[in-house]
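Order of the sequence lines sets the chain letters (A, B, ...), proteins ahead of strands, with each chain counted from 1.
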There are 2 protein chains.
Amino acid sequence: MYVVKVATDTAPRAPLSPAAIVAAGITLADEQGVDALSMRNLARSLGYEVMSLYNHVRNKDDLLTLMVDAVAAEIDLPDPSAPPLVAVRAMAVSTNAALARHPWAAPLWLRQAPGPARMRQMDDLLRLMYASGLSRELAHHGFHAVNNHVLGYTLQRLGMGLEGTDLEDKARDFMAGLDADTYPFMVAHIHEHLDGHTGSSFELVLDLILDGLVRLDREAR
Amino acid sequence: MYVVKVATDTAPRAPLSPAAIVAAGITLADEQGVDALSMRNLARSLGYEVMSLYNHVRNKDDLLTLMVDAVAAEIDLPDPSAPPLVAVRAMAVSTNAALARHPWAAPLWLRQAPGPARMRQMDDLLRLMYASGLSRELAHHGFHAVNNHVLGYTLQRLGMGLEGTDLEDKARDFMAGLDADTYPFMVAHIHEHLDGHTGSSFELVLDLILDGLVRLDREAR
DNA sequence: TCGTAGAACGTACAGTGTACGTACCGCCCA
DNA sequence: TGGGCGGTACGTACACTGTACGTTCTACGA
């Protein structure tokens, strides 16, 4: 029996590999949102069938873990010549930037098990904290405070759904359904956002925390 | 034609209503996790069929919004006789407690649209901030900082999967797969957690933020 | 007694993750 | 020059999800 092969798709497809799948997953999530990241969609975007992905990736959870770790790998390594707390600040800013580039990553940051890149990042942050001259206990708390601040702010920013769309439109729409008599302070607060004469909370509060830590340490001695 | 009715289930079931559905959803999510909260499971737990729920609730997203708002309603109202920032602190602690009681709520806190209870809570928090004597701008940032701190800490705590299970076991398991040479500071940090001679970061950092705000305000004048 | 509104129900559909069995292709060893 | 043999791709199938739609039942007011 003769089997005739028909070239149904002339587009040459890149060979499958964990790295290729993770990369495709990241771009798909970046462009269409994490909800569009189904194994079927991902396979289609790569030009393969669904189950072929499972030859390179254990399951979807594994894929998500790898994707999150790839984002973590984008975080700048600390400058070894900088004073520890300055380096901490830089890491926080860089982490915030990486999470802003990949909005889907922040909610997964906590759920997924930390991969090597995130381990590296956490270990570096801890090392800097412990080397900063703060007391052991304050360094411990400072680690959590900084981590929490960075992740919290990105989540807050994204949770509002302020990624792609115009922030102003969103805010105006929200405020339209708001009774200024029952929620006067919310209305006022949103106005402050719209008028834009309040800078970013992110760096201000970050410095608040870091400065507060050293002050607390000084007072304790 | 005669139709014989058979009492297949003698258990009398409570009449369906939005409140009853929300309450059942909350207990189901509390006990079995939010992943177990499917419309089918929820209907079964109430003794009804799936589609009957849709007579009282628009869709699952609507249900989740109502559930989150029910948790928000558990937050203590601010004591009107307390100084503003003391009341802010109390609200933060109470919010943290409510979120700890319902671990599933924290991730939904941001995704779901705010209902009346959360609106009330946000407006109260803003009112206290603006009444605290801080500059308008610092009050604005302080609102975000406190909100962020509370939510971030609960998410951090839950993300680790430290709800139901024993924290120590989890930590020891995690550390077992950790190379002390490549991640020395992580190992040390987890040890500090296990030894337990570091208090809760939550209130310490909360005070750090609140004290930092008033100090910043004093310096600016 | 009848009409009607609202609640409950059953079926059906598209979409999800993935277990399982099969087919193919290239490489190493006889 | 075979001949397996391991890895990759594929197709089918299953259980489960949210929910649209049409039908049945039940209670109450006229």
Only one of B/Arg58, B/Arg111, B/Gln112, B/Lys60 passes side-chain hydrogen bond (donor to acceptor under 3.5 Å, both in side chains) with B/Thr65, and that residue is B/Gln112
Rounded to the Å, how far apart are A/Leu64 CG and C/dG17 C1'?
12 Å
Taken to the nearest whole Å, CD/B/Glu49 to C1'/D/dT23 is 15 Å
So, does B/Asp69 use its side chain to make a donor-acceptor pair with the main chain of B/Pro114 at under 3.5 Å?
no
Using whole Å, report how far OH of A/Tyr54 lies from P of C/dA19.
7 Å
How long is the straight-line distance from CZ of A/Phe202 back to CG of B/Asn148, given to the nearest 0.5 Å?
9.5 Å
How long is the line joining CG of A/Leu42 and C1' of C/dT16, in whole Å?
14 Å
Separation of B/Asp76 CG from B/Asp124 CG (nearest 0.5 Å):
11.5 Å
Rounded to whole Å, how long is the line connecting atom CG of A/Asn59 with atom P of C/dA19?
8 Å
Encode nucleotides 12-17 of chain D as B, S and - characters from 5' to 3', where the letter depends on protein heavy atoms closer than 4.0 Å: B to the base, S only to sugar-phosphate, - to neither.
-B---B
With the threshold set at 4.0 Å, does a side-chain nitrogen-carboxylate oxygen contact exist between A/Arg89 and A/Asp207?
yes
Measure the distance from CG on B/Asn55 to C1' on D/dC25 and round it to the nearest whole Å.
13 Å
Does any residue of residues 19-31 of chain A have a heavy atom under 4.0 Å from DNA chain C, and if so, which ones, in number order?
none
With no hydrogens and no angle check, do the side chains of B/Arg101 and B/Asn96 hold a donor and an acceptor under 3.5 Å apart?
no
For residues B/His141 and A/Ser201, is any side-chain donor paired with an opposing acceptor at under 3.5 Å?
yes
With a 6.0 Å cut-off on ring centres, are A/His144 and A/His149 close enough?
no
Ranking A/Val50 and B/Leu16 by the position along DNA chain C of their nearest nucleotide, the one closer to 5' is B/Leu16
From CG of A/Leu53 across to P of C/dC20 the rounded distance in Å is 18 Å
Has A/Arg118 got a side-chain atom pairing as donor or acceptor with A/Trp109's backbone, closer than 3.5 angstrom?
yes
Within the structure, does a side-chain N or O atom of A/His56 lie under 4.0 Å from either OP1 or OP2 of D/dG7?
no
